[in-house]
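To start, the structure itself, in structure tokens.
If you read the sequence from its start, that first residue is 1, and numbering goes on from there.
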Amino acid sequence: MLVDTDVLIWNLRGDPKAADFLDTASGFILSAVTYMELVQGVRNKTELGALRQAIRYWDATVQVLDADISARAMYLVESHALSHGLQMADALIAATALSLGVVLVAGNDKHYRFIDGLDIDVFRPAG
């Protein structure tokens, strides 16, 4: 399973449901886009270290962007940017899930639900 950025952000903000989900979903995948979004959100090296430690704790894998993911994302943007406002980061995350053939766990399912073939598990925080 590929976990979207919003689920990890809820965890970082202290949401107990997100924390429990991530702690029991050991071995999940993160898109390189999600990792970079999270790194951009840290305020210092201590928080960056905590992020890296959490990824190790979860035994999560960061999936790098490759030619297949890039090509799928370009197609998704061409197909859905005008009609649905699909943004580049979301296209890359969706393309990663499609390329790997895994379910995408996301709270913002409205960003993805129009993409054919994408299997989405909707996650809602406890809040």
Side-chain angles (χ1 to χ4, degrees):
M1 104 182 90
L2 183 75
V3 178
D4 197 8
T5 312
D6 54 1
V7 179
L8 291 141
I9 290 173
W10 286 321
N11 174 68
L12 294 170
R13 292 181 180 164
D15 182 82
K17 187 175 174 188
D20 184 54
F21 172 77
L22 294 171
D23 287 350
T24 59
S26 180
F28 57 86
I29 304 165
L30 302 175
S31 166
V33 173
T34 292
Y35 178 76
M36 290 184 283
E37 288 176 329
L38 294 171
V39 169
Q40 287 179 328
V42 301
R43 295 172 291 198
N44 55 49
K45 289 183 179 183
T46 301
E47 288 185 357
L48 178 59
L51 172 62
R52 288 179 177 162
Q53 183 177 9
I55 290 170
R56 283 191 303 273
Y57 173 78
W58 295 318
D59 194 27
T61 302
V62 177
Q63 176 62 47
V64 298
L65 304 176
D66 61 19
D68 182 60
I69 293 168
S70 297
R72 286 175 190 254
M74 288 187 298
Y75 171 78
L76 291 173
V77 169
E78 287 177 351
S79 301
H80 302 294
L82 294 175
S83 60
H84 294 91
L86 181 63
Q87 298 293 306
M88 179 181 60
D90 292 334
L92 286 163
I93 291 168
T96 301
L98 288 167
S99 179
L100 297 175
V102 297
V103 65
L104 174 63
V105 178
N108 293 327
D109 57 309
K110 66 183 178 194
H111 293 182
Y112 303 105
R113 61 180 162 224
F114 50 84
I115 299 174
D116 290 335
L118 182 62
D119 187 12
I120 307 168
D121 278 353
V122 179
F123 179 88
R124 299 286 183 242

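- For the pair Ile29 and Val3, the minimum side-chain heavy-atom distance is 4.5 Å or more.
- Within the 4.5 Å cutoff, the side chain of Asp68 has heavy atoms near those of the Arg72 side chain.
- Cluster annotation: Ile69 is connected to Val102 through the hydrophobic network of ILVMFWY side chains, with a link wherever side-chain heavy atoms come within less than 4.5 Å.
- A donor-acceptor distance shorter than 3.5 angstrom exists from the side chain of Thr24 to the backbone of Asp20, with no hydrogens or angles considered.
- Between Val62 and Thr34, every side-chain heavy-atom pair lies at or beyond the 4.5 Å cut-off.
- If you take CG on Leu51 and CG on Leu12, they are separated by 7.0 Å, rounding to the nearest 0.5 Å.
- Of the possible polar contacts, none joining the Asp90 side chain to the His111 backbone as a donor-acceptor pair under 3.5 Å is found.
- Ala97 and Leu104 make their closest contact through CB-CB, 4.2 Å (heavy atoms, listed as atom of the first residue, atom of the second, distance).
- When side chains are defined from C-beta on, Val105 does not count as touching Leu2, because their heavy atoms never get closer than 4.5 Å.
- Within the model, atoms OG of Ser99 and CG of Asp66 stand 5.5 Å from one another, a figure rounded to the nearest 0.5 Å.
- The backbone N or O of Arg43 lies less than 3.5 Å from a partner atom in the side chain of Glu47, making a donor-acceptor pair.
- Here the side chains of Ile93 and Glu37 are in contact, with some heavy-atom distance below 4.5 Å.
- Within a 6.0 Å sphere centred on CZ of Phe114, other residues, nucleotides and ligands contribute more than 12 heavy atoms.
- Between the side chain of Gln87 and the main chain of Gly85, a donor-acceptor pair closer than 3.5 Å is present.
- Leu100 and Val7 end up in different hydrophobic clusters when Ile, Leu, Val, Met, Phe, Trp and Tyr side chains are linked at under 4.5 Å.
- Pairing each heavy atom of Val64 with each of Ala32, the nearest pair is CA-CB, 4.1 Å.
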Show the atom names and distances, to 0.1 Å, of all donor-acceptor pairs under 3.5 Å that link a side chain in residues 116-127 to residues at least two apart or in another chain.
{"residue": "Arg124", "atom": "NH1", "partner": "Gly107", "partner atom": "O", "Å": "2.4"}
{"residue": "Arg124", "atom": "NH2", "partner": "Asp109", "partner atom": "OD1", "Å": "3.1"}

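- Following chains of ILVMFWY side-chain contacts shorter than 4.5 Å, one cannot reach Met1 starting from Tyr112, and the two form parts of different hydrophobic clusters.
- Cluster annotation: Met36 and Ile55 are assigned to distinct hydrophobic clusters (Ile/Leu/Val/Met/Phe/Trp/Tyr, side-chain heavy-atom contacts under 4.5 Å, transitive).
- Nearest heavy-atom pair, Ala89 versus Val33, reported as atom, atom and distance to 0.1 Å: CB-CG1, 3.7 Å.
- Side-chain contact between Leu38 and Leu8 is present, with at least one heavy-atom pair separated by less than 4.5 Å.
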Open item on the list: Could you walk me through whether Leu65 and Thr96 satisfy the side chain to side chain contact (heavy atoms under 4.5 Å, CB included) test, starting with their C-alpha distance in whole Å, then the side-chain angles of each, then the deciding distance to 0.1 Å, before giving a yes or no?
Closed with: CA-CA 8 Å; Leu65 304 176; Thr96 301; 4.1 Å; yes
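- In terms of heavy-atom proximity, Leu86 sits nearest to Ala91 at CD2-CB, 3.8 Å.
- To the nearest 0.5 Å, atom OG of residue Ser70 and atom CG of residue Leu92 are 6.5 Å apart.
- Within the 4.5 Å cutoff, the side chain of Tyr35 has heavy atoms near those of the Arg52 side chain.
- Every pair passing ring pair (Phe, Tyr, Trp, His ring centres under 6.0 Å) that includes a residue from residues 37-73 is listed here, sequence neighbours excluded: Phe28-Trp58.
- By the criterion of side-chain heavy atoms lying less than 4.5 angstrom apart, applied directly or through intervening Ile, Leu, Val, Met, Phe, Trp or Tyr residues, Val103 is grouped together with Phe21 in one hydrophobic cluster.
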